[in-house]
Amino acid sequence: MTEDRSPERGSDRYNAREAEPRWQKVWRERGIFRTRNDDPRPKFFVMEMFPYPSGRIHIGHGRNYVMGDVLARYKRMKGFNVLHPMGWDAFGLPAENAAIERGIHPKAWTYENIASMREQLQLLGLSLDWNREIATCDPSYYVEQQRIFLDFLEHGLAYRKESEVNWDPVDNTVLANEQVIDGRGWRSGAVVERRKLAQWFLRITDFSQQLLDALDTLERWPDKVRLMQRNWIGRSEGLEVLFEFARGFAPEADAVPADKTVKVYTTRPDTLFGAAFLALSPDHPLTRALAAKSPKLAAFVADCKTGGTSAEAIETQEKKGFDTGLKVVHPLDPARTLPVYVANFVLMDYGTGAIFGCPAHDQRDLDFARKYKLPVVPVVLPPDTDPGAFAIDDVAYDGDGTLINSGFLDGLAVPEAKEAVTRRLERFHVGDAPQGTRRVNFRLRDWGISRQRYWGCPIPVIHCESCGPVGVPRDQLPVALPDDVTFDRPGNPLDRAKAWRDVPCPKCGKPARRETDTMDTFVDSSWYFLRYASDNPDKPLDKDAVAHWLPVDQYIGGIEHAILHLLYSRFFTRALKACGRVDVEEPFAGLFTQGMIVHETYKDQDGRWLFPEEVKLLGPGRAEKLADGSPVTVSPPEKMSKSKRNVVAPEVVADTYGVDCARWFMLSDTPPERDSEWTQGGIEGAWRFVQRIWRLVHEAAELGAAQGAPAPDAFGETALALRRAAHGLVATVADDVERLRFNVAVAHVHEFANVFGAAVAAARGSRDGVTPDLAFALREAAEMVTAAVGPMVPHLAEECRAALGLEGLAAEAAWPLADPELLRRDTITLPIQINGKKRDDIVVPREATPAEVEAAVLKLESVRRALDGRAPKRIIVVPQRIVNVVA
RNA sequence: GCGGACGUGGCGAAACUGGUAUACGCAAGGCACUUAAAAUGCCUCACCUUCGGGUAUGCGGGUUCGACCCCCGCCGUCCGCACCA
């Protein structure tokens with residue numbers, strides 16, 4: 001990596017270090033990537049997930065930008081008006097951590113990082129419209145976000161609620177459910193605690209069904225992502241059932257809910273005859289009422305709140321219950337009563353916070369029943385099972401089957417039994433209410449957006465003791481973050497910023513306080529793609545511009561955003577439509593999730609991580625330290641990370657090999673959705689190929705026809721083969737790029753280069769000079785390959801174009817048209833199978849009939865030998881594909 | 001526990017809708033050019049073979065004229081969710 005592969009002198013090599021900045025300057029000065037909204041050409045909107053400005057990027061960050069750039073450049077060549085913007089997801093905790101650790105203001109830290117990362121991105125030669133650059137921490141950006149918040153407030157899509165929140169004790173902040181991973185904070189890794197706070201919520205659950213249904217329309221999204229969202233939304237159909245208390249076993253009058261019932265949610269009404277108990281959540285209102293009078297129950301409830309929320313803790317946590325002494329009547333069998341427990345495994349925020357337990361057919365209920373010696377009555381008989389032999393031991397049966405021990409349900413299949421129970425309970429009444437009500441439940445919860453943090457978008461609300469929370473009047477927006485804050489104490493600096501915080505109530509004028517919570521940074525990224533559409537700073541969310549550009553035709557980013565960012569963005573777009581701000585519903589028509597770039601890791605004898613440039617590679621898995629030759633431990637490739645030092649800086653690659661070489665390598669070999677390993681060998685190979693293209697184009701320019709020379713009437717074999725390859729290349733690379741199969745596109749360019757190289761060698765070797773047909777084909781091939789590689793290696797393409805003496809920039813050139821005549825073959829080589837194994841080839845005219853093909857095949861020596869004089873049993877001729885002789 | 005994806009040479013991989021398995025590259029070996037090296041170009045590169053052919057896409061079955069591809073059952077790897085009634 002330290003070796004300098006750029007030539008110091010001479011013209012027989014492509015000098016990337018000199019050429020790349022030169023072309024970038026030309027692009028910049030001519031402003032060719034600036035996009036106009038009034039451009040009449042068809043639009044194409046491609047964007048990559050914007051980066052968090054954490055400091056410096058490594059080459060691993062570059063992959064998705066390069067992929068998007070290839071598509072953007074290709075679509076431009078195909079005549080589209082391409083929007084390819086860039087911005088910064090600039091609010092967030094690391095800036096505050098830097099402030100705390102190093103005393104630098106979050107704003108200064110962030111803008112410094114943006115400046116250096118912008119420079120690094122520009123180094124990659126990306127065809128971005130930097131005029132539309134946004135930073136979410138800029139008041140010009142978040143002023144609109146505050147307007148959106150007020151819109152949501154007015155439309156009932158934002159609300160405030162006292163709620164138990166996930167409290168991260170390390171970052172001192174509230175986390176959304178989605179930010180809690182295995183019971184730990186997604187960023188700090190600290191075990192999350194439960195606390196009660198008044199929080200702002202966005203009503204994403206209003207859109208649960210829409211967000212679920214519309215997944216089916218997102219045909220250009222990965223199935224995996226759609227499935228993950230489907231599971232996250234978690235729709236289930238079931239029945240709410242009212243259980244009446246048994247006479248003499250009801251709670252005391254002041255604890256009973258008005259209707260004297262317990263409401264339970266179930267997705268398995270068919271198993272109701274197998275019910276052994278009812279269980280309430282420790283947070284259920286009835287539990288609270290009972291606990292107020294029962295110290296023992298209160299102690300049990302308190303006990304339920306201890307213990308970790310980690311996956312392992314939950315997995316191994318014992319099912320615990322508290323018998324309240326209450327009993328309810330079985331809704332389908334008034335003679336039976338069921339005991340009512342409070343149980344630690346029942347969640348208050350799903351369903352009704354109360355369940356009925358059917359031990360035979362639910363594992364948790366079974367564990368619980370065994371522990372508290374409750375009856376286990378099987379009511380679903382698995383298919384092909386002897387009823388006499390069927391018994392539940394330690395494993396509940398949750399499959400399909402036939403109902404038994406269930407009165408009027410006996411003999412029915414599970415789905416029929418569900419329907420039968422539902423119908424009957426819908427007819428029964430408890431007081432005025434039907435005893436059973438069909439109910440759809442979702443796992444999805446409303447989105448808590450309040451964060452007790454400084455470096456985020458202020459929530460534009462003022463709290464007044466008389467008027468309550470009041471939205472900041474729109475003419476007073478933005479509510480800008482105060483700069484004059486300190487980070488020397490824990491907690492939110494905004495709470496201490498008196499001059500900013502204390503303001504009069506906009507309604508009554510009395511002294512009031514600003515909301516000091518800021519918004520979750522996922523809010524910032526939930527509408528930035530809409531912001532990009534506008535080219536008018538006075539209309540950051542421009543309905544017409546959004547209508548023109550959205551949906552995003554191709555969005556590219558990491559799989560880690562499969563749920564959070566992408567679901568929130570889908571919700572935001574719908575919510576904005578509900579507020580009349582936009583007319584679209586789905587923001588991203590096409591989504592692609594790219595793999596990471598991984599790299600080997602190196603450790604010296606003292607166990608310290610080494611950068612790749614500190615290491616000399618000796619062979620597979622063997623390396624030594626460049627400084628002193630001491631041995632180095634090589635470990636398998638991992639995601640590039642600063643802490644393990646297995647990173648490669650874009651500047652270093654650019655200096656040594658050139659940016660195009662890095663781009664080519666990132667696109668080569670590995671399918672874009674998979675992780676790709678950055679290797680020395682790989683980058684060297686890419687460098688050789690970049691040089692090869694440059695050399696071939698230069699030689700072809702020399703040996704080939706003059707620019708614009710007319711096509712000869714006839715072409716010899718070599719020239720025709722080259723023309724076919726060149727036209728085929730243009731067609732196949734177009735197809736590969738449209739399908740984002742960049743590695744295949746690269747392979748096709750390699751294949752072409754082999755044909756091209758042979759033709760150039762033939763031309764160079766001919767004693768009588770290059771024939772006019774070959775000269776024409778060489779020129780044509782050079783122009784076509786220059787265009788075909790243009791989106792991938794744009795600087796090289798400019799250099800080649802200049803060498804060919806062509807007018808204008810490669811970046812603005814049109815994608816060449818492949819001549820269909822040259823793509824079509826008059827004769828076809830058909831593979832001949834005998835009993836399904838390929839044994840021979842036959843060349844036939846394209847238009848040959850199956851009978852003609854069959855006749856020709858039977859004459860083949862290989863077929864005659866295989867048949868050995870017998871008649872074939874069958875001959876299958878698939879026109880223009882294959883022939884199979886069944887002997 | 002539930003859900004999903006993947007498994008092809010020494011390595012990264014290709015194979016379009018069931019139709020020539022291993023394209024293309026990397027690594028390795030050989031040759032040419034060169035005083036030499038680098039660079040470049042060319043050749044070889046799944047396994048076995050009696051040179052006819054035979055065997056190979058994780059393993060075992062099935063469907064089909066034909067299966068990396070579809071179906072059933074295993075094994076392995078990776079990912080997502082997770083007390084959701």
Side-chain angles (χ1 to χ4, degrees), chain A residues 7 12-13 181-183 222-225 227-228 230-232 234-236 238 264-268 271 279 281 309 311 313-315 317 319 343-347 349-358 361-365 367-368 398 441-445 559-560 562-563 619-620 665 668-671 674-677 679-682 684-686 688-689 691-692 695 732 735-736 739 741 743-754 757-758 761 829-841 862 865-866 872-878 880-887:
Chain A
D12 59 340
R13 272 194 191 175
I181 293 149
D182 292 342
D223 289 342
K224 183 188 168 85
V225 173
L227 184 71
M228 282 165 75
R230 193 166 286 128
N231 292 339
W232 190 264
R235 183 182 199 273
S236 70
V264 154
Y265 178 71
T266 180
T267 55
R268 292 296 303 273
T271 64
S281 163
T309 49
I314 288 168
E315 190 85 352
Q317 193 169 32
K319 306 285 174 268
N344 63 343
F345 62 90
V346 181
L347 306 173
D349 55 359
Y350 184 80
T352 61
I355 60 160
F356 80 78
C358 175
H361 304 289
D362 182 286
Q363 192 59 47
R364 283 163 317 184
D365 296 349
D367 296 345
F368 191 83
D398 59 4
N441 263 318
F442 294 93
R443 261 173 35 107
L444 186 66
R445 310 290 150 76
I559 186 73
E560 66 274 17
I563 298 172
F665 174 55
S668 300
D669 291 344
T670 305
R674 278 190 225 172
D675 289 351
S676 164
E677 189 186 351
T679 62
Q680 189 62 31
E684 296 268 353
R688 281 197 298 272
F689 191 71
Q691 295 295 337
R692 188 173 180 214
R695 227 172 21 244
T732 193
D735 186 53
D736 297 335
R739 296 190 306 150
R741 308 288 291 154
N743 58 321
V744 184
V746 165
H748 284 136
V749 176
H750 271 285
E751 252 172 351
F752 171 76
N754 290 337
T829 305
L830 282 183
I832 308 303
Q833 291 183 331
I834 295 166
N835 295 330
K837 299 264 180 208
K838 193 207 160 192
R839 280 293 118 95
D840 210 341
D841 284 327
S862 54
R865 191 165 56 221
K873 284 202 189 109
R874 216 176 140 183
I875 299 181
I876 289 111
V877 179
V878 184
Q880 295 173 41
R881 268 258 133 107
I882 204 165
V883 178
N884 191 12
V885 178
V886 186

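Just so it is clear: chains get the letters A, B, ... in the order the sequence lines come, proteins before strands, and each one is counted from 1. It should be emphasised that the depicted structure is a prediction, and the values quoted were computed from it without experimental measurement. Both backbone and side-chain heavy atoms feed into the values below; hydrogens, waters and symmetry mates do not.
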Within the structure, does a side-chain N or O atom of [X] lie under 4.0 Å from either OP1 or OP2 of [N]?
X        : N     : value
A:Arg874 : B:C65 : yes
A:Asn231 : B:C2  : no
A:Thr267 : B:C84 : no
A:Arg692 : B:G41 : yes
A:Arg695 : B:G41 : yes
A:Arg688 : B:C26 : yes
A:Tyr265 : B:C84 : no
A:Arg364 : B:G1  : no

Within the structure provided, determine whether [X] and [Y] are in side-chain contact (heavy-atom separation under 4.5 Å).
X        : Y        : result
A:Asp841 : A:Leu830 : no
A:Asp362 : A:Arg364 : yes
A:Asp365 : A:Phe356 : no
A:Val744 : A:Arg739 : no
A:Val225 : A:Ile559 : yes
A:Val883 : A:Ile875 : yes

Distance in angstrom units between [X] [atom1] and [N] [atom2], rounded:
X        : N     : atom1 : atom2 : answer
A:Arg881 : B:G19 : CZ    : C1'   : 6 Å
A:His750 : B:A13 : NE2   : C1'   : 12 Å
A:Trp232 : B:C2  : CH2   : C1'   : 15 Å
A:Glu560 : B:C81 : CD    : C1'   : 17 Å
A:Lys224 : B:C6  : NZ    : C1'   : 10 Å
A:Lys838 : B:G54 : NZ    : P     : 14 Å
A:Gln691 : B:A38 : CD    : C1'   : 14 Å
A:Ile876 : B:G18 : CD1   : C1'   : 13 Å

### Query
Which string of ( ) [ ] | and . matches RNA chain B, if you list each base 5' to 3' and count Watson-Crick or G-U pairs only when both distances are under 3.5 Å?
(((((((..(((......[....))).(((((.......))))).(((....)))..(((((..]....))))))))))))....
On a whole-Å scale, what distance lies between the [atom1] atoms belonging to [N] and [M]?
N     : M     : atom1 : answer
B:U20 : B:C69 : P     : 13 Å
B:A21 : B:A46 : C1'   : 11 Å
B:G4  : B:A85 : C1'   : 23 Å
B:U63 : B:U8  : P     : 27 Å
B:G62 : B:U57 : P     : 15 Å
B:C11 : B:G60 : C1'   : 29 Å
B:G7  : B:G58 : P     : 8 Å
B:G41 : B:U77 : C1'   : 42 Å

### Task
Identify the two heavy atoms, one from A:Phe665 and one from A:Glu677, that lie closest to each other, and give their separation to 0.1 Å.
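Closest heavy-atom pair between A:Phe665 and A:Glu677: CZ-O, 3.4 Å.
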### Task
Identify the two heavy atoms, one from A:Ile834 and one from A:Ser862, that lie closest to each other, and give their separation to 0.1 Å.
CD1-O, 3.8 Å
What's [X] touching, base or sugar-phosphate or nothing? Going by heavy atoms closer than 4.0 Å.
X        : answer
A:Arg230 : nothing
A:Glu751 : sugar-phosphate
A:Asn743 : sugar-phosphate
A:Asn754 : sugar-phosphate
A:Val346 : base
A:Leu227 : sugar-phosphate
A:Asn884 : base
A:Val878 : base
A:Ser676 : nothing

### Message
Judged by each residue's nearest nucleotide on RNA chain B, which is more toward the 5′ side, A:Val744 or A:Phe442?
### Response
A:Val744
### Message
Both A:Asp735 and A:Asn835 contact RNA chain B. Taking the nearest nucleotide for each, which residue is further toward the 5' end?
### Response
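Between the two, 5'-proximity favours A:Asp735.
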Selection from [options] that lies nearest to any side-chain heavy atom of [X]:
X        : options             : result
A:Arg443 : B:C65, B:A82, B:A13 : B:A82
A:Arg674 : B:G66, B:A14, B:A85 : B:A14
A:Ala747 : B:A23, B:U20, B:A15 : B:A23

### Query
If you round to the nearest 0.5 Å, how far is CG of A:Asp669 from OG of A:Ser676?
7.5 Å
### Message
Could you measure the distance from the CG atom of A:Asp349 to the CZ atom of A:Arg443? Nearest 0.5 Å is fine.
### Response
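One finds 11.0 Å between CG of A:Asp349 and CZ of A:Arg443.
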### Task
Carefully, step by step, assess A:Gln833 and A:Ile882 under the rule side-chain contact (heavy atoms from CB on, under 4.5 Å).
CA-CA 8 Å; A:Gln833 291 183 331; A:Ile882 204 165; 3.6 Å; yes
### Query
For the side chain of A:Arg839 and the backbone of A:Ile832, is there at least one donor-acceptor N/O pair under 3.5 Å apart?
no
### Donor-acceptor under 3.5 Å (A:Asn441 side chain, A:Ser236 main chain)
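It does not hold such a pair.
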Contacts under 3.5 Å, N or O only, protein and nucleotides 44-53 of chain B:
unit_1, atom_1, unit_2, atom_2, d
B:G53, OP1, A:Arg865, NH2, 3.3

### Task
Quick one: classify the glycosidic conformation of B:G9 as syn or anti, with syn meaning within 90° of 0.
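Base orientation: syn.
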### Message
Apply the syn/anti split at 90° from 0 to B:G52 and say which one it is.
### Response
syn
### No-H, no-angle donor-acceptor pair, A:Lys319 side chain to B:C83 base, under 3.5 Å
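For A:Lys319, whose side chain was compared with the base of B:C83, there is a donor-acceptor pair (under 3.5 Å).
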### Query
Relative to the ring of A:Phe368, is the ring of A:Phe345 parallel (under 30°), tilted (30 to 60°) or perpendicular (over 60°)?
perpendicular
